[in-house]
Amino acid sequence: MRLTGGEIVVESLIKHGVPYAIGIPGHGSLALADAFIGREDKIKLLHARQEMCAVHMADGYYRATGIPLMVFTSIGPGAINTAIGAATAYMESTAVMIISGNAQVHMRGQGLLQEIERSHDANFPRVLEPVVKRYWKPDLASKLPTVMARAFNQMLSGRRGPVLIDLPMDVQAADADVELPVAVERRAAGHVMPDPAQLERARKLLAAAKRPVILVGGGVHSARAYDELLALAEAAGAAVVCTMQGKSAFPEDHPLYAWHTGSKGTTVGLKMTSTADVLLAVGCRFADETACSYKDGVAFSIPPTKLIHIDIDASEIGKNYPVAVGLCADAKPTLAALADMLKGKRGDYRKTAFFKELKTERDKWLSHVERLRAIKTPLPTISRLLGDIRKTIARDAFVVHSSGNTQAQILQEFPFYVPGTCVTSGGFSCMGFALPAAMGVKLALPGRQVVAVVGDGDFMMTMQELATAVELGLNVVTVVADNAGWLAIKDLQQTAFGKDRPSGTDFLLPDGTPHRMDFAAIAAGMGCYAETVSKADDIAPALQRCLSAGRPALLDVKVHRDFPHSGSPAVGWWDVPIPTYLKSRRARYEKEIKGEKL
């Protein structure tokens with residue numbers, strides 16, 4: 001059949017089952033955007049208000065469904081706007097296809113409007129090179145069927161991730177006589193299976209373990225290995241601890257759940273991971289936040305703890321800690337095999353001394369969280385806000401968050417009951433992720449409750465997307481914890497450097513008073529249902545009205561902003577370099593950051 005480059009892209013997306021493309025058309029992508037006309041019954045073209053947000057929306061959609069979307073942009077600044085979204089997807093191993101317009105092949109290097117060409121003609125792909133798995137620069141429409149097939153393979157095999165197709169304007173418009181391949185005939189399939197000998201070594205370690213712990217990373221979400229994880233935990237009698245990216249992979253009301261470890265950890269999580277005799281890590285990078293900046297004995301003691309590390313990416317195994325067993329394999333079949341090998345071999349875990357200790361430590365932490373929620377302050381604390389959100393939303397609601405105090409406290413205090421319902425910006429920890437990603441989740445699962453929980457600084461980076469939500473009829477509820485500043489950083493400054501040291505973190509009016517904005521008025525102006533509350537007892541009823549509004553809604557909660565109840569106590573350890581002139585504060589810093597005041 002004879003198709004233009006733009007039509008080849010659209011028909012390929014349809015063949016691969018992609019239901020939506022999201023982006024902002026510009027002169028560099030007009031022929032691509034035009035190719036969607038007449039195909040609306042098979043694939044819908046959506047727009048966002050900013051290209052970064054389009055990628056975040058696609059990211060959220062993929063996490064909810066396992067189906068990648070295509071994000072398209074024009075040449076130049078629109079394309080570069082995708083960088084933060086692409087980096088987030090890359091760090092979180094989520095699949096997104098980005099297609100950017102670029103200079104016509106015959107005019108490359110001549111300094112076209114918005115072309116980047118001083119060091120290399122049409123050089124935009126180098127901007128995204130570190131944050132995509134692969135990029136292509138096709139210069140003929142006839143090459144596009146193969147490029148599209150390869151792009152899907154790259155996105156959806158091995159360690160998932162985003163890809164880029166840099167598509168010249170004339171290639172979008174030119175036609176070619178092509179045959180589009182059948183998607184399944186070009187798609188990689190199956191699992192990477194574990195080596196049987198290494199699997200047996202892992203089984204022996206787990207079978208003999210007295211204090212087994214499973215550390216769950218984002219790889220469990222990527223593999224959708226939720227049932228297998230639960231089966232192995234129960235067969236091994238292992239405590240289950242999550243990383244930032246692994247949050248919600250395991251039902252968090254299960255008695256084996258030991259909450260979070262690392263610098264944003266919990267006392268129970270840190271106790272379990274630091275004293276484990278065998279640690280099974282699944283899809284985990286052992287980044288500094290998880291490992292308490294590698295300070296021995298705080299999050300981990302490896303060795304003497306024996307580490308079994310399962311990961312689809314061999315480069316992660318042994319990168320930061322030596323392994324007793326390294327299994328380069330897909331999480332799903334590997335966890336299933338270990339569960340089968342251990343089933344019925346270790347007895348009833350509920351009768352072990354280790355389980356009784358876990359229960360005691362869990363109860364201590366949950367009692368601590370209840371005390372945090374009960375603290376009386378002039379305005380509600382974030383702890384109280386999160387407690388009321390959990391009590392109000394459905395068990396299977398999605399909660400999407402970015403970075404800052406809301407993220408840290410969700411990791412520490414907020415239980416998720418249904419696997420996969422926590423969606424966060426994770427290791428890249430970018431602000432502005434929560435709202436557009438929540439919209440992507442809602443686009444995928446319109447029948448589920450989806451709540452974005454953000455700080456005011458985070459919200460203001462992408463709040464324009466409320467207008468997009470209204471236009472698309474995405475009934476997302478955004479809860480803004482308004483503390484008039486970059487309070488996560490202010491709290492860190494005060495914890496690490498002293499209460500007299502915060503700098504550049506408050507939103508202040510000229511008279512020095514906090515600048516608390518009327519976010520409800522802004523949201524209402526875009527067509528949302530919106531309320532503002534400043535009393536703790538008003539949170540739950542207002543949130544219920546937002547959930548029942550039948551349209552996008554925003555709850556603006558004015559929260560307490562004075563240290564130390566502006567956030568949550570630091571329990572783990574994080575290497576925040578302190579200037580030499582403040583070194584005398586190190587002892588106090590170390591004491592507080594270890595949670596000795598809990």
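None of these values were measured; they are calculated from a predicted model. Basis for what follows: all heavy atoms, side chains included, without hydrogens, waters or symmetry-related copies.
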| Does the side chain of Val241 reach to within under 4.5 Å of the side chain of His260, using non-hydrogen atoms? | no
| said: My understanding is that only one of His565, Arg373, Glu413 makes a side-chain hydrogen bond (donor to acceptor under 3.5 Å, both in side chains) with Ser383; could you say which? | reply: Glu413
| message | Does Arg395 qualify as a cation-pi partner of Tyr417, given the criterion of NZ or CZ under 6.0 Å from the six-membered ring centre and within 45 degrees of its axis? | response | yes
| message | Counting C-beta onward and ignoring hydrogens, is there a side-chain heavy-atom pair between Met439 and Thr468 closer than 4.5 Å? | response | yes
| field | Aromatic plane relationship, Tyr20 with Tyr61 - under 30° parallel, 30 to 60° tilted, over 60° perpendicular | value | perpendicular
| field | Check ion pair Lys332-Glu228 (N to O, under 4.0 angstrom) | value | yes
| note | In short, Ala64 meets Leu445 closest at the heavy-atom pair CB-CD1, 3.9 Å
| Say you draw a straight line from CG of Asp506 to OG1 of Thr513; how long is it, rounded to the nearest 0.5 Å? | 11.0 Å
| query | Short question: side chain of Tyr294, backbone of Phe286 - any donor-acceptor pair under 3.5 Å? | reply | yes
| query | Do NZ/NE/NH1/NH2 and the carboxylate oxygens of Glu465 and Arg49 come within less than 4.0 Å? | reply | no
| query | Hey, does the Lys NZ or Arg CZ of Lys264 hover above the aromatic six-ring of Trp574, less than 6.0 Å from the centre and inside 45° of the axis? | reply | yes
| Can a salt bridge be assigned to the pair Lys295 and Asp288 using a cut-off of 4.0 Å between side-chain N and carboxylate O? | no
| note | Which of Gln245, Arg160, Arg159 passes side-chain hydrogen bond (donor to acceptor under 3.5 Å, both in side chains) with Ser93? It is Arg159
| request: Nearest 0.5 Å please: distance from the OG atom of Ser534 over to the NE2 atom of His560. | output: 14.0 Å
| said: Within the structure provided, determine whether Val450 and Val400 are in side-chain contact (heavy-atom separation under 4.5 Å). | reply: yes
| message | Between Thr88 and Glu92, is there a side-chain donor-acceptor contact under 3.5 Å, judged purely by atom types and distance? | response | no
| message | Hydrogens and angles aside, do His401 and Thr424 bring a side-chain donor and acceptor to less than 3.5 Å of each other? | response | yes
